[in-house]
Engineer: 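This is the structure, below, for whatever I ask next.
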Amino acid sequence: DYDSTRPADQTRVEQEARRVMQANRNLCEDFVVFRRVETQSFILCGELELHAAADQARVQAELLHAVQQYLAPPVPTHTLAEMEQRRGQDGSPLTVEEIFDGPALDNGFIDDAELARAALRTDIRLSDLIGLIMAIDGVAAVRELVIQAEGEDPAANPWVVPVASGKKAVLNMAASRLVLYKRTLPVTADAARVRDHLHTLAEAAANRFDPAAANDYPVPRGRFRHPQAYLSIQHHFPAIYGLGEAGPGEPASAERAAEVLQLKGYLLFFDQLMADYLAQLAHVGDLFSLDPTMRRATFRQAVTSIVDHAKLYGVADVDDIESLLTTTVEEEADREAHLERRNRFLDHLIARFAERFTEFAHLMHAEFGADGEELIAHKCAFLQNYPETSSGRALAWNQSLRDESDLWNSANISGLERRLAGLLGIANPLRRNLGDIAFDIYVEVDDTEGDEFRFRIRSRQTGKIILSSSTRYATAELAWAELRVVIRCGQQPEGYQRRLTRDGRHYFNVIDPTGEVVARRIEYFVDPERMEAAIDATIDYLRVNYSEEGMYVIENILLLPGEATDPFLPICPAGDRRACADIDPYSYRLHIVLPAYGSRFHSMAFRRFAEEVIREETPAHILPKICWVDRETMARFEGAYRDWLFLRAGRERSRRQDKLTRFITELTTLRNVYPAQRLHDCAAQEQELFILGQSGLGTEEGNRQ
């Protein structure tokens, strides 16, 4: 129902083109303006000799249609069946990989060669037109042929006629003049029949795609082979061994029966190896599971196809046997070895995508004491999001989205941010407040009797109270201040205090760096394992929903002035370029702003690792500037950043110049901050390393040396 001549349809297509282009914009690139391709009209004049039996109306229609297709080649879509019939440049049929290469389309397939030919023409070659015309059935010869731009003088070289730059060449069929001959007599084509033939050819060329056509191969149905089923090798021994259903034979002495049972026990060792191997094979999906709660990394099964298997295992019930195998092998095994095996399976999956987590794992263990379970959670999260983070690693954020939810507290971020968050274990990559914890409806501060205040943190999923204040506060401001301490301390394993009641029940509290209890969990646990699981769940919940770990990625190209009065980034003066670090501050430049106070970001080792990952993952043609800022600077910066985002989206217009100037000032004056250290007397016995460029002088009295 699309008509290219209707203004409404043109506008709709333009809006859709804008949406698609912005959704697939590359990092540090921008679309300055969207313009419709203008057309340049051409007139064709010629004299042709036709065969005596030729239909002149059909010939003229096919000629006009072929010339128009040459001037502006279309991009037709094809079904899978049509693509299977097409040939490559070497004449061989297209392979499945060649057919499906590229992004999945909504309307079939596009041939690469046809797409390449659809580019705007820069010139029209008369020899090509003659070849097209001679290929039409019924044309005997081309006596004369001329093509020229309508309303312009003939080209200096009639064999190569130029097309205006950036314009689409179209044929003015009504103004074109063709003289047709059969032998020496001119013939005239019926105008109505020519129009009918042209309409038929245009309908066929429109290539209306059939959405019902099969555009994918059916998934082949496999045959389930029950890989876990195992028949003991003892059934393959000759009957004389007495291992089969017949037993040792009659009459059999007790000694003979004991010997047979002893042989069965010996062979059970090999049976168990094979049976467990098949159990592992049957649970491949569990072994490579991306569920971080999956704890098992080994699977076993009882060999019940042996005669008198109960005598060998000591129990008869299959569930009891498997429980026995699990208890003796897994629960008594070293927990670290079990977690290491689970991590190795995940490392295998990660390596299949040419990724690695080795340095991250070593650093997390050395700096923060992370165990295997925490690393499993990071790896599972990375793999779960890998289709999105990998395919969109070079994409920028989508500027075409205008809703407030797409600007702040939003998942509308660049692919680089999303990928860096996965590689650095940042649980919450959303664009959100980092200068201060952004509370929501699940965090409450209310008053109690006596005009005192307390706080609670509820689960977003269940509404259950996760943490509550350990005391009451005189003002709401004091309660909010303590709540911020609780959320920061609750994201670290060392921020928890384990306790035991007199009746043997377990519970935990959240403590501040001085050891004072600042929050408690109103829940008791029957064993320490369940308490530790609850602590881990609380840490994960706080890190995902209230973590100060995050980043902002700002593309300098987006700061180009949009209006005449907009300010520029600091630009190098024309006469003193040697004094400038960057002559061009816009092209392929990034600012990556991170909170130096984020929980793991206090560690200089982790910061160095993060900087290395950022530089490795940023596209090679883009230069990133990494800034680690303190809490006060971050609060100022993100306020200016948020104002700029709303200006960019067109949601706000007031004080435009002031907001732009403020944002550029905040961005260009960001400076790295480092953990405070102090200089020591050279004669001191104990000294801490003071590394230039990685430490800041402390401000305590007596440390200013």
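Residues take their numbers from the sequence shown, with the count starting at 1.
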Engineer: Quick one: sort the F663 and F637 rings into parallel, tilted or perpendicular, breaks at 30° and 60°.
Structural biologist: tilted
Engineer: Do W397 and D406 have side-chain atoms, one donor and one acceptor, less than 3.5 Å apart?
Structural biologist: no
Engineer: Please check if the distance between the ring centroids of F601 and Y597 is under 6.0 Å.
Structural biologist: no
Engineer: Could you tell me if S405 and D403 have a donor-acceptor pair between their side chains, going purely by distance under 3.5 Å?
Structural biologist: no
Engineer: Could you report the tightest heavy-atom contact between R418 and I413, atom names first, then the distance?
Structural biologist: NH2-CG1, 3.4 Å
Engineer: CG of L346 to CG of L287: how many Å apart, nearest 0.5 Å?
Structural biologist: 10.5 Å
Engineer: Shortest non-hydrogen contact from L27 to S414?
Structural biologist: CD1-CB, 4.0 Å
Engineer: Measure across L424 and F609 and return the closest heavy-atom pair with its distance rounded to 0.1 Å.
Structural biologist: CD2-CE2, 3.8 Å
Engineer: Identify the residue among K379, R356, R341, R342 that makes a salt bridge (charged side-chain N to carboxylate O under 4.0 Å, His left out) with D347.
Structural biologist: K379
Engineer: Decide if atom CZ of R498 counts as having more than 12 heavy atoms of other residues, nucleotides or ligands within a radius under 6.0 Å.
Structural biologist: yes
Engineer: Are any of the side-chain nitrogens in R393 or E355 under 4.0 Å away from the carboxylate oxygens of its partner?
Structural biologist: yes
Engineer: Please report the shortest heavy-atom distance between L670 and E666, naming the atom on each side.
Structural biologist: CG-O, 3.2 Å
Engineer: Between OG1 of T661 and CZ of R656, what distance do you get to the nearest 0.5 Å?
Structural biologist: 10.5 Å
Engineer: If I compare all heavy atoms of A377 with all of P292, which pair ends up nearest, and what's the gap?
Structural biologist: CA-CB, 4.0 Å
Engineer: Check R25, R589, K625 against E555 for a salt bridge (charged side-chain N to carboxylate O under 4.0 Å, His left out) and give me the one that passes.
Structural biologist: R25
Engineer: So, taking the atom named CG in N428 and the one named CG in L542, what distance separates them when rounded to the nearest 0.5 Å?
Structural biologist: 12.0 Å
Engineer: Are R615 and E611 close enough for a salt bridge, meaning some N to O gap below 4.0 Å?
Structural biologist: yes
Engineer: Consider only side-chain N and O atoms of R344 and H348, and report whether a donor and an acceptor are under 3.5 Å apart.
Structural biologist: no
Engineer: Is any side-chain N of the basic residue among D512 and R488 closer than 4.0 Å to the acidic one's carboxylate O?
Structural biologist: no
Engineer: Are R600 and E367 ion-paired here, with the side-chain N under 4.0 Å from a carboxylate O?
Structural biologist: no
Engineer: Tell me whether H365 at atom NE2 has more than 12 heavy atoms from other residues, nucleotides or ligands lying less than 6.0 Å away.
Structural biologist: no
Engineer: Can we call the ring centroids of H378 and F357 under 6.0 Å apart?
Structural biologist: no
Engineer: For T501 and R505, indicate whether the former's side chain and the latter's backbone hold a donor-acceptor pair under 3.5 Å.
Structural biologist: yes
Engineer: Are E404 and R642 within salt-bridge range, i.e. N to O under 4.0 Å?
Structural biologist: yes
Engineer: Would you call the rings of F353 and Y386 parallel, tilted or perpendicular, where under 30° means parallel and over 60° means perpendicular?
Structural biologist: tilted
Engineer: Indicate whether the side chain of Y552 and that of E638 have a donor and an acceptor atom separated by less than 3.5 Å.
Structural biologist: yes
Engineer: Any salt bridge between E632 and R636, counting N to O under 4.0 Å?
Structural biologist: yes
Engineer: To check you understand the geometry: which heavy-atom pair defines the closest contact between T668 and I664, and what is its length?
Structural biologist: OG1-O, 2.7 Å
